[in-house]
Amino acid sequence: MPKYEPGQQVMMAYNRTRIGVIVGAAQPIADTYEYPVHFPEGVEYVSEAYLAPIELLEPRELFRNRAFAGPESLLRLVTLKRLTEPFTDTLLTRHANRIDYLPYQWMPLLRLLDTADSRIFIADEVGLGKTIEAGIILRELAARNSGLNKVLVIARGGHLNRQWRDEMRDRFGQAFSIWNAGDFVEWLEHGQREQHWDSVSAIVGRHSLMRDPAHAALRKICTVDGDGRHYSHPPIDLDLLIVDEAHHTRNRNKLHHAVGWLARSAKTVLFLSATPLHLGNDDLYNQLRILLPQRFPHERFFKDELRVHQRALRALRQLFAGDRDALTRSLQGLADGQDITDITANLDEIDQPSVRAELKRKIESFSPLSNVLNRTTRQNIPHVEWPARHAITLQHALTEREKSFYFRLWLEHYTAIRNGLPFGKTMALRLAATCMPVAMEAHSELIDDEDADEQTDERGEFAVQERVRLDFDRLANLPDSRFEVLEEALAEIWRETPRSKVIIFSFFVDVLRYLSKRFERRGLEHRVVHGQIDRQDREKLYNDFLDENNTDVKLLLSSEVGSEGLNLQVADTIVNYNLPWNPMVVEQRIGRIDRKGQRAVSYTHLTLPTN
């Protein structure tokens with residue numbers, strides 16, 4: 001009796017990859033049967049002894065039975081793999097974006113595709129285009145996965161959220177909505193109520209996540225399992241989570257926990273920050289523990305990897321400094337007994353960009369953090385002419401009246417200083433070092449305010465006027481040696497380049513109001529932005545300044561709300577009217593104009609210290 005029937009799918013017993021369909025009745029031949037089998041290349045008559053029924057076996061079972069496929073099957077499988085899951089070195093969107101092709105901006109994508117965790121921290125230097133790099137990754141992942149259903153971007157808020165939306169739309173063809181805290185909470189609550197999460201492409205401000213309703217909604221849907229891991233029910237399953245200015249998660253506050261909960265529910269996570277380190281290595285650990293909680297469950301694992309990473313960084317600095325002897329010693333230490341002949345053979349040619357780039361790649365491979373931390377600096381980018389940075393310190397001497405006031409103020413703190421003055425209690429001194437007229441008016445109130453150090457708001461600003469009434473019309477008439485030096489410097493800048501645009505930064509909102517009043521008295525058109533101005537109004541103020549055709553508005557006075565993330569490269573001069581205690585804030589300020597797209601051949605960075 002025939003074993004197979006017409007229409008049945010069979011395979012060759014000696015080659016299980018050769019599969020066909022029986023297309024006719026069995027023909028008896030001697031003591032067996034022969035079947036017409038249709039294979040891709042045509043119909044053949046095959047003896048029953050050479051046929052086998054289709055079996056779906058586990059790979060281990062196939063291996064145990066020595067059921068190996070031939071080279072043709074391997075080629076077909078490789079082709080299928082390339083079509084369905086492109087290799088990491090095959091990019092589908094190389095020419096699909098409206099951006100200039102800069103090779104370094106594709107490195108984060110290549111590193112991400114080469115990792116199993118699908119998480120990366122993009123820590124490129126200020127102004128190199130981290131938003132563009134995130135967009136490149138978003139577009140490539142969308143192409144590889146036939147679209148992304150749930151994408152969430154956490155940004156600063158306000159103007160920066162709109163900047164993100166416009167960049168994604170104009171450069172990458174991706175449409176995003178801007179959410180407030182209410183929109184985010186509604187999405188969470190609807191998902192929990194309906195037991196599924198709607199598709200979303202949204203940008204939400206980080207302060208929205210810190211508000212009580214949003215934080216409470218996240219806590220409600222996130223559960224902690226026996227191993228201390230957080231998960232949501234039902235799973236949110238974000239396709240992509242992007243966290244801009246991720247260094248704000250370095251403290252274990254509401255934002256840290258909210259981002260951690262969302263990151264655990266995401267397939268792919270991008271952290272972006274030019275300044276991941278502010279006070280120490282703990283900052284970086286706190287960020288990496290929510291980016292990769294399973295890899296860094298305890299700080300000791302992070303410190304072990306960091307030690308090797310720091311040695312690799314030292315070798316990179318020696319590479320770019322051209323110190324061959326020191327580099328050789330560093331490489332020997334990193335190799336830990338491994339043969340590094342292939343690395344050291346080209347040390348005599350490290351002045352050649354191609355050789356240096358290859359050595360950089362090999363040195364980075366020694367660092368266990370290299371697959372999660374992408375750091376590109378201008379030094380690493382050959383053949384690019386960056387505008388020259390001119391750092392100028394504007395010296396000014398205090399008048400006798402100012403000097404007398406400052407030392408009297410200092411003496412009032414003397415006892416506390418000798419006993420280790422708490423940082424916040426120096427607020428009056430910091431104000432005096434920035435603006436004497438305002439400090440003289442407000443010093444008694446600040447000295448008596450025991451909570452002054454707690455009153456810096458979430459935007460990193462400090463407003464004196466919330467404590468004491470200030471008459472800026474009167475203050476603008478008082479002598480001010482610091483302002484006089486600034487005024488002379490600005491006049492010199494505009495004499496040489498009349499169309500130059502200038503940004504003046506200050507931590508103190510009231511100093512901005514004071515400066516505004518003085519410039520107003522001189523008939524100088526300008527704009528003032530700080531956190532106490534409504535976001536929509538701030539947007540208009542920024543646009544007035546950014547309009548290159550508006551040559552009347554050449555000056556922007558800004559608090560720290562303008563020091564992160566914003567593209568202000570229409571300006572070619574920044575002024576630090578006061579120096580923040582954190583040098584990373586200075587770097588963020590400089591990065592507003594020292595960034596890709598700056599057309600000036602050089603720019604000026606002015607600082608006014610107190611002598």
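None of the values given here were measured: they were computed from a predicted structure.
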- [ ] Please tell me if the side chains of L478 and M436 come closer than 4.5 Å, counting only heavy atoms from C-beta onward.
- [x] no

TODO: Evaluate the side-chain proximity of R589 to N576: yes if any heavy-atom separation is below 4.5 Å, no if none is.
DONE: yes

Task: Within-4.5 Å side-chain heavy-atom neighbours: Y542 and L556 - done: yes

- [ ] Report yes if some heavy atom in the side chain of I136 is under 4.5 Å from a heavy atom in the side chain of I99; otherwise report no.
- [x] yes

Task: Interatomic spacing from CD in Q105 to OG1 in T131 - rounded to 0.5 Å - done: 10.0 Å

Task: Shortest non-hydrogen separation from D282 to E299 and the atoms involved - done: OD1-OE2, 2.6 Å

Open item on the list: Tell me if a side-chain donor or acceptor on T497 pairs with a main-chain N or O of R499 at a distance below 3.5 Å.
Closed with: no

Open item on the list: What verdict does the side-chain contact (heavy atoms from CB on, under 4.5 Å) test give for I178 and D183, after you've listed the backbone C-alpha separation in whole Å, the side-chain angles of each residue and the deciding distance to 0.1 Å?
Closed with: CA-CA 9 Å; I178 294 179; D183 298 324; over 6 Å; no

TODO: Enter the distance from S559:OG to I504:CD1 here, rounded to the nearest 0.5 Å.
DONE: 13.5 Å

- [ ] Locate the shortest heavy-atom distance separating K254 from M210; write the atom from each residue and the value.
- [x] CD-O, 3.3 Å

TODO: Check whether any side-chain N or O of K501 sits under 3.5 Å from a backbone N or O of V553 as a donor-acceptor pair, and report yes or no.
DONE: yes

Open item on the list: Please evaluate residues S330 and Q318 with respect to the criterion side chain to side chain donor-acceptor pair (under 3.5 Å), reporting the C-alpha separation (whole Å), side-chain torsions for both, the decisive distance (0.1 Å), and the verdict.
Closed with: CA-CA 9 Å; S330 294; Q318 293 160 351; 2.6 Å; yes

Open item on the list: Under a 3.5 Å distance rule, please check whether R518 uses its side chain to pair with a backbone N or O of A476 as donor and acceptor.
Closed with: yes

Task: Any donor-acceptor N/O pair, N286 side chain to N251 backbone, under 3.5 Å - done: no

Open item on the list: Tell me whether D537 is salt-bridged to K540, with the criterion being a basic N under 4.0 Å from an acidic carboxylate O.
Closed with: no

Open item on the list: To check you understand the geometry: which heavy-atom pair defines the closest contact between Y406 and A432, and what is its length?
Closed with: CD1-CB, 3.7 Å

Open item on the list: Quick one: does any side-chain atom of R527 pair with a main-chain N or O of L541 as donor and acceptor, under 3.5 Å?
Closed with: no

Task: Closest non-hydrogen atom pair between A134 and I242, with its separation - done: CB-CD1, 4.3 Å

Task: Sidechain N-carboxylate O distance under 4.0 Å for E487, R522 - done: yes

TODO: Would you give the length of the straight line joining atom OG1 of T249 to atom CG of L209, rounded to the nearest 0.5 angstrom?
DONE: 11.5 Å

Open item on the list: Could you measure the distance from the CD1 atom of I290 to the NE2 atom of H257? Nearest 0.5 Å is fine.
Closed with: 9.5 Å

Task: Greater than 12 external heavy atoms within 6.0 Å of R401's CZ - done: no

TODO: Given salt bridge (Lys or Arg N to Asp or Glu O under 4.0 Å), test R317 with D323 step by step and report yes or no.
DONE: CA-CA 9 Å; R317 286 193 294 269; D323 191 340; over 6 Å; no

Task: Side chain proximity check, F545 to L555, heavy atoms < 4.5 angstrom - done: no

Task: Side-chain (E402) to main-chain (S481) donor-acceptor, under 3.5 angstrom - done: yes

Task: Under-4.0 Å salt bridge between R206 and D244 - done: no

Open item on the list: Using a 6.0 Å distance limit plus a 45 degree cone around the ring axis, check whether R289 lies over the aromatic ring of F302.
Closed with: no

TODO: Check for a donor-acceptor pair, side chain of Q287 on one end and backbone N or O of P276 on the other, with a separation under 3.5 Å.
DONE: yes

- [ ] Answer with yes or no whether the side chains of Y514 and D480 bring together a donor and an acceptor at under 3.5 Å.
- [x] yes

Open item on the list: Test your reading of the model: is there a side-chain donor-acceptor pair from K554 to the backbone of P498, 3.5 Å cut-off?
Closed with: yes

- [ ] Could you tell me the separation between the CZ atom of F184 and the CZ atom of R211, rounded to the nearest 0.5 Å?
- [x] 13.5 Å

Task: Pair S208-N180, side-chain donor/acceptor within less than 3.5 Å - done: no

Task: Sub-4.5 Å side-chain heavy-atom contact between P479 and T399 - done: no

Open item on the list: Could you report the tightest heavy-atom contact between I203 and A155, atom names first, then the distance?
Closed with: CG2-CB, 4.2 Å

TODO: Have a look at R165 and tell me which of M168, Q163, R169 forms a side chain to side chain contact (heavy atoms under 4.5 Å, CB included) with it.
DONE: R169

Open item on the list: Using side-chain contact (heavy atoms from CB on, under 4.5 Å), reason through F508 and H530 one step at a time and then give a plain yes or no.
Closed with: CA-CA 9 Å; F508 295 98; H530 52 73; over 6 Å; no

Task: Between R430 and N578: side-chain donor-acceptor atoms closer than 3.5 Å - done: no

Open item on the list: So, taking the atom named NE2 in H298 and the one named CG in D304, what distance separates them when rounded to the nearest 0.5 Å?
Closed with: 12.5 Å

Open item on the list: Restricting to non-hydrogen atoms, name the atom on H526 and the atom on E520 that form the minimum distance, rounded to 0.1 Å.
Closed with: CE1-N, 3.9 Å

Task: Test item: T434 and F507 side chains (from C-beta on) under 4.5 Å apart, heavy atoms - done: no

Task: Steps toward ring-ring contact (aromatic ring centres under 6.0 Å, His included) verdict (F483, Y577) - done: CA-CA 9 Å; F483 180 80; Y577 203 71; 7.6 Å; no

TODO: State which residues pass ring-ring contact (aromatic ring centres under 6.0 Å, His included) with F121; sequence neighbours excluded, sorted by chain then number.
DONE: F271

- [ ] Salt-bridge test for E133 and K130: reply yes if a basic N is under 4.0 Å from a carboxylate O, no otherwise.
- [x] no

Task: Within-4.5 Å side-chain heavy-atom neighbours: D510 and F472 - done: yes

Task: Short side-chain to backbone donor-acceptor contact, S370 and E364, under 3.5 Å - done: yes

Open item on the list: List the residues meeting side chain to side chain donor-acceptor pair (under 3.5 Å) with R162, not counting sequence neighbours, and say none if there are none.
Closed with: E539

Open item on the list: Is it the case that the side chain of Y104 and the backbone of L128 share a donor-acceptor pair, with hydrogens and angles ignored and the cut-off at 3.5 Å?
Closed with: yes

TODO: Tell me, with the steps shown, if Q310 and N281 meet side-chain contact (heavy atoms from CB on, under 4.5 Å).
DONE: CA-CA 11 Å; Q310 288 171 332; N281 294 331; 3.8 Å; yes

Open item on the list: Run the side-chain contact (heavy atoms from CB on, under 4.5 Å) test on I132 and D100 for me, step by step, so that the C-alpha distance in whole Å, both residues' side-chain angles and the decisive distance to 0.1 Å come before the verdict.
Closed with: CA-CA 10 Å; I132 298 297; D100 295 332; over 6 Å; no

